[in-house]
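Heads up, the thing below is written out as structure tokens.
Just so it is clear: chains get the letters A, B, ... in the order the sequence lines come, proteins before strands, and each one is counted from 1. The shown structure was predicted, so the numbers you read here are calculated from the model rather than taken from an experiment.
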Amino acid sequence: MLPREFYSKDTVNVAKDLLGKRIIRKIRGVELSGIITETEAYKHKDDPASHAFTKITERNKVMFGEVGIAYVYFTYGMHYCFNIVAKHPKTAAGAVLIRGIEPERGIEMMQKNRKRITLENLTDGPAKLAQALEITKKQYGLDLTKKSDLYITEGIEKPKGIDAASRIGIRDAKDKLWNFKIKIRKEG
DNA sequence: CCCTAGATTTACT
DNA sequence: GTAAATCTAGGGC
């Protein structure tokens, strides 16, 4: 498990540091795992694209709480997205959106959950990986620094190149390059 | 490859 | 009422 302190620094730095880490998910006795390949940082008052920008609500309240906690939200009437609360101790709110993983173990169950065969389309988007790993509102508020059905551990050695880009699907604050990606497969 | 429409909860105007 | 931290199927090029 990654310790609580890992998440207790600037959200943008945590987003970068999470690349290459491993997500462990246990479903009905089967262990699924994957390496984080894409993340996005969402902050507080200085970030108009963040859910926590305006004020605390029933949905975003964990972003204002303890770090290392799962923030799962439902959007577009269809999809769940998985975030990890992370912020500097002096900041009120922040979280890192997990946008993509490279599947390791339990690929068969992910394919079953996704009703898709190809590896390329399995977990290459925030709502896709949430569906593949069966992450829903039930995981809202879960402590990811403790061993349970869902937690984060050390992963692979981080590749040298981190791609910084504008975040996806937002309208405001496109000037902030808080989308981070690594390539661990050849074709990328 | 590109584009478009539709799925329909939550939060804010 | 409308837009949103999205994805899919279907049609055209």
- Atom of A/Leu144, atom of A/Leu150 and distance for their closest heavy-atom approach: CD2-O, 3.5 Å
- Checking all strands, does A/Arg167 fall into the base, sugar-phosphate, or nothing category for heavy-atom contacts under 4.0 angstrom? nothing
- Query: For C/dC7, does OP1 or OP2 lie under 4.0 Å from any side-chain N or O of A/His79?
  - Reply: no
- Note on the structure: Closest of C/dA5, B/dC12, C/dA3 to the A/Met63 side chain is C/dA5
- Task: Show your working on side chain to side chain contact (heavy atoms under 4.5 Å, CB included) between A/Lys9 and A/Val14 and close with a plain yes or no.
- Result: CA-CA 7 Å; A/Lys9 52 196 183 196; A/Val14 178; 3.5 Å; yes
- Item | B/dC12: pairing nucleotide in any strand, Watson-Crick or G-U under 3.5 angstrom | C/dG1
- Rounded to the nearest angstrom, tell me the gap between atom CG in A/Asn60 and atom P in C/dA5. 12 Å
- Nearest to side-chain heavy atoms of A/Lys128, which nucleotide of C/dA5, C/dT8, C/dT6: C/dT8
- Query: Between atom CD in A/Gln131 and atom P in C/dC7, what is the gap in whole Å?
  - Reply: 10 Å
- Pairs involving residues 135-185 of chain A, ordered by first then second residue, that meet ring-ring contact (aromatic ring centres under 6.0 Å, His included) (sequence neighbours left out): none
- Task: Classify the nucleic acid contact of A/Tyr76 as base, sugar-phosphate or nothing, counting any heavy atom under 4.0 Å across all strands shown.
- Result: base
- Separation of C/dA5 atom C1' from A/Tyr71 atom OH, nearest Å, is 9 Å
- Consider the side chain of A/Asn83, meaning its heavy atoms from C-beta on, and name the nucleotide among C/dA5, B/dC12, B/dA11 that approaches it most closely. C/dA5
- Mapping A/Gly125 and A/Arg171 to their closest nucleotides on DNA chain C, which lands nearer the 5' end? A/Arg171
- Task: Output yes when at least one side-chain N/O atom of A/Thr75 is less than 4.0 Å from OP1 or OP2 of B/dT9, else no.
- Result: no
- Message: Would you say A/Arg99 places a side-chain N or O within less than 4.0 Å of OP1 or OP2 belonging to C/dT6?
- Response: yes
- Roughly how many Å is it from CG in A/Asp172 to P in C/dA3, rounded to a whole number? 14 Å
- Could you state the atom-to-atom distance from CG of A/Asn121 to P of C/dT6 in whole Å? 16 Å
- Query: Excluding sequence neighbours, so at least two apart, what forms ring-ring contact (aromatic ring centres under 6.0 Å, His included) with A/Phe74?
  - Reply: A/Tyr80
- Classify the nucleic acid contact of A/Ala127 as base, sugar-phosphate or nothing, counting any heavy atom under 4.0 Å across all strands shown. sugar-phosphate
- Task: Find the distance A/Glu58:CD to B/dA11:C1' and express it as a whole number of Å.
- Result: 12 Å
- Query: Where the side chain of A/Arg114 is concerned, which of C/dA5, C/dT8, B/dT10 is the nearest nucleotide?
  - Reply: C/dT8
- Message: What's the gap between C/dA9 and B/dT9 when it is taken at their C1' atoms, as a whole Å value?
- Response: 22 Å
- Query: Aromatic ring centroids of A/His51 and A/Tyr73 under 6.0 Å?
  - Reply: yes
- Message: Pair A/Tyr7, A/Ile152 - check side chain to side chain contact (heavy atoms under 4.5 Å, CB included), show working.
- Response: CA-CA 11 Å; A/Tyr7 305 100; A/Ile152 314 290; 3.6 Å; yes
- Message: What's the closest nucleotide to the side chain of A/Thr57 if the choices are B/dT9, B/dC12, C/dC7?
- Response: B/dC12
- A/Arg167/A/Glu40 ion pair, N-O < 4.0 Å: no
- Message: Mind checking if A/Ile168 touches a base, just sugar-phosphate, or nothing, with heavy atoms under 4.0 Å?
- Response: sugar-phosphate
- Query: Would A/Tyr42 count as stacked on C/dA5 if the rule is ring centres under 5.5 Å and plane angle under 30°?
  - Reply: yes
- Query: Say you pick atom P in B/dG6 and the same atom in C/dT2; how far apart are they, in whole Å?
  - Reply: 15 Å
- Task: Check whether any side-chain N or O of A/Lys115 sits under 4.0 Å from OP1 or OP2 of C/dT8, and answer yes or no.
- Result: no
- Rounded distance (Å) that lies between atom P of B/dA11 and atom NZ of A/Lys61: 10 Å
- Item | Proximal nucleotide (of B/dA7, C/dA5, B/dT10) relative to the A/Met78 side chain | B/dA7
- For A/Lys55 and B/dT13, give me the distance from atom NZ to atom C1', rounded to whole Å. 12 Å
